[in-house]
Amino acid sequence: MNGYEDLETALEYNFKHKSLLKQALTHSSITGNIEENYERLEFLGDRVLGLAVAEMLYKEFKNEPEGSLSQRHTALVCKETVAEVSRRLGIDKKVRIATEDIRENDNVLCDVGEAIIGAIFLESGANEAFAYVHKHWEKQLHKAILPPKDDKTALQEMSHIKGLEMPVYEVIKREGSEHEPIFHIAVRLGSNWEEIGMGKSKKLAEQDAAHKMLEKIRSLPSHGK
């Protein structure tokens with residue numbers, strides 16, 4: 001496989017099995033074959049990331065109780081953080097997708113970021129995978145203590161601040177197989193505001209729609225101003 005040398009430089013990890021990196025970068029819109037797309041690797045990488053971050057926090061914050069460590073952990077493994085790391089490493093530019101409109105989707109970038117961790121774990125074991133996480137999550141370690149609000153909660157609060165109607169969600173389309181569905185969900189604020197999100201579950205699609213709506217209404221003046 002050619003064309004991934006610059007990505008491997010950014011990752012600071014060279015894959016011995018280039019097909020494994022290719023699989024980790026391949027979205028299901030390219031192929032539904034579970035041996036060729038990233039979904040199983042993402043499942044594995046999600047667990048490895050969680051344990052690696054837990055170890056980092058345990059060693060770094062020696063005097064903090066379990067509750068504080070849990071809050072830090074949630075913030076470091078959440079969709080937004082993993083997507084941020086993926087962008088910083090240039091993973092977003094290398095994702096293999098059928099349509100460009102999902103390249104910047106946080107859900108996708110989180111999944112691919114976790115799939116790469118899973119691929120490193122499979123190829124080189126826990127020590128290498130943990131080293132990768134420690135290296136690339138170190139910048140995030142002291143950034144946030146509290147987990148960010150999810151987009152649905154943030155949208156509800158923002159709608160109230162802006163004097164808009166409360167968000168209403170509706171499934172408008174479902175595609176894909178029974179085992180690998182893709183949901184398209186609309187969020188509406190009254191009759192004038194609508195955005196559509198997509199995801200592998202209703203929850204993810206709702207969060208995606210809420211995120212898009214937040215981006216649209218944040219610049220509006222607050223209610224009463």
Side-chain angles (χ1 to χ4, degrees), residues 1 3-4 7-8 10-11 13 15-53 73-74 76-126 128-130 132-133 136-137 150-151 171 173-185 196-212:
M1 181 182 63
Y4 294 127
L7 177 59
E8 289 182 300
L11 299 179
Y13 180 85
F15 279 86
K16 295 182 284 290
H17 302 92
K18 304 302 184 184
S19 60
L20 200 56
L21 175 57
K22 181 178 179 181
Q23 180 183 351
L25 293 167
T26 301
H27 187 258
S28 58
S29 62
I30 293 288
T31 174
N33 187 334
I34 62 173
E35 295 181 355
E36 296 178 359
N37 66 38
Y38 64 57
E39 292 181 355
R40 281 171 54 83
L41 288 173
E42 178 249 322
F43 166 82
L44 177 61
D46 174 60
R47 277 70 183 172
V48 176
L49 173 63
L51 188 55
V53 168
H73 189 275
T74 299
L76 287 168
V77 302
C78 73
K79 170 185 68 178
E80 291 81 5
T81 298
V82 183
E84 180 183 343
V85 173
S86 293
R87 289 190 181 93
R88 174 156 49 82
L89 295 175
I91 293 171
D92 56 320
K93 298 178 179 62
K94 298 296 185 179
V95 180
R96 302 179 68 239
I97 50 176
T99 57
E100 285 295 316
D101 61 320
I102 59 174
R103 184 174 297 281
E104 290 301 314
N105 186 295
D106 277 0
N107 293 323
V108 172
L109 294 182
C110 175
D111 289 350
V112 179
E114 291 172 343
I116 287 176
I117 295 169
I120 293 172
F121 179 86
L122 277 184
E123 182 175 84
S124 298
E128 282 290 339
F130 276 33
Y132 171 86
V133 173
H136 296 300
W137 263 255
D150 68 89
D151 288 324
V171 178
K173 185 169 69 171
R174 172 179 168 157
E175 56 188 1
S177 67
E178 186 67 26
H179 299 293
E180 295 182 345
I182 297 293
F183 292 91
H184 298 254
I185 290 183
I196 296 173
M198 60 182 290
K200 293 185 288 186
S201 69
K202 290 181 181 179
K203 181 179 179 181
L204 289 174
E206 287 175 349
Q207 292 288 352
D208 187 41
H211 179 77
K212 292 176 179 175

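Computed from heavy atoms alone, side chains included, the values below leave out hydrogens, waters and symmetry copies.
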Would you say the side chain of [Y] lies within less than 4.5 Å of the side chain of [X], judging by non-hydrogen atoms?
X: K212; Y: Q207; answer: no
X: L109; Y: R87; answer: yes
X: V112; Y: T26; answer: no
X: V171; Y: H184; answer: no
X: V82; Y: E114; answer: yes
X: F15; Y: I120; answer: yes

Q. Among all residues two or more places apart in sequence or in another chain, which pass the ring pair (Phe, Tyr, Trp, His ring centres under 6.0 Å) test with H211?
A.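 Applying ring pair (Phe, Tyr, Trp, His ring centres under 6.0 Å) to H211 gives none.
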Q | Any donor-acceptor N/O pair, W137 side chain to L76 backbone, under 3.5 Å | A |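 Checked: pair present.
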(Q) When you measure from the side chain of T81 to the backbone of V77, do you find a donor-acceptor pair of N or O atoms at a distance under 3.5 Å? (A)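 No, because the side chain of T81 does not come within donor-acceptor range (under 3.5 Å) of the backbone of V77.
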(Q) Strictly by salt bridge (charged side-chain N to carboxylate O under 4.0 Å, His left out), give each pair with a member in residues 38-49 just once, sequence neighbours left out. (A)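 Applying salt bridge (charged side-chain N to carboxylate O under 4.0 Å, His left out) to every pair that reaches into residues 38-49, excluding sequence neighbours, yields E42-K200.
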Of all residues at least two apart in sequence or in a different chain, which pass the side chain to side chain donor-acceptor pair (under 3.5 Å) check with [X]?
X: E128; value: none
X: E206; value: K152
X: Y132; value: none
X: H136; value: none

Q. Judged by modelled atom types alone, do Y13 and S124 share a side-chain donor-acceptor pair under 3.5 Å?
A.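 The answer is yes; a qualifying pair exists.
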Q) Can you find a side-chain donor-acceptor pair between S29 and H27 that sits under 3.5 Å? A)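 Distance-only check passes for S29 and H27.
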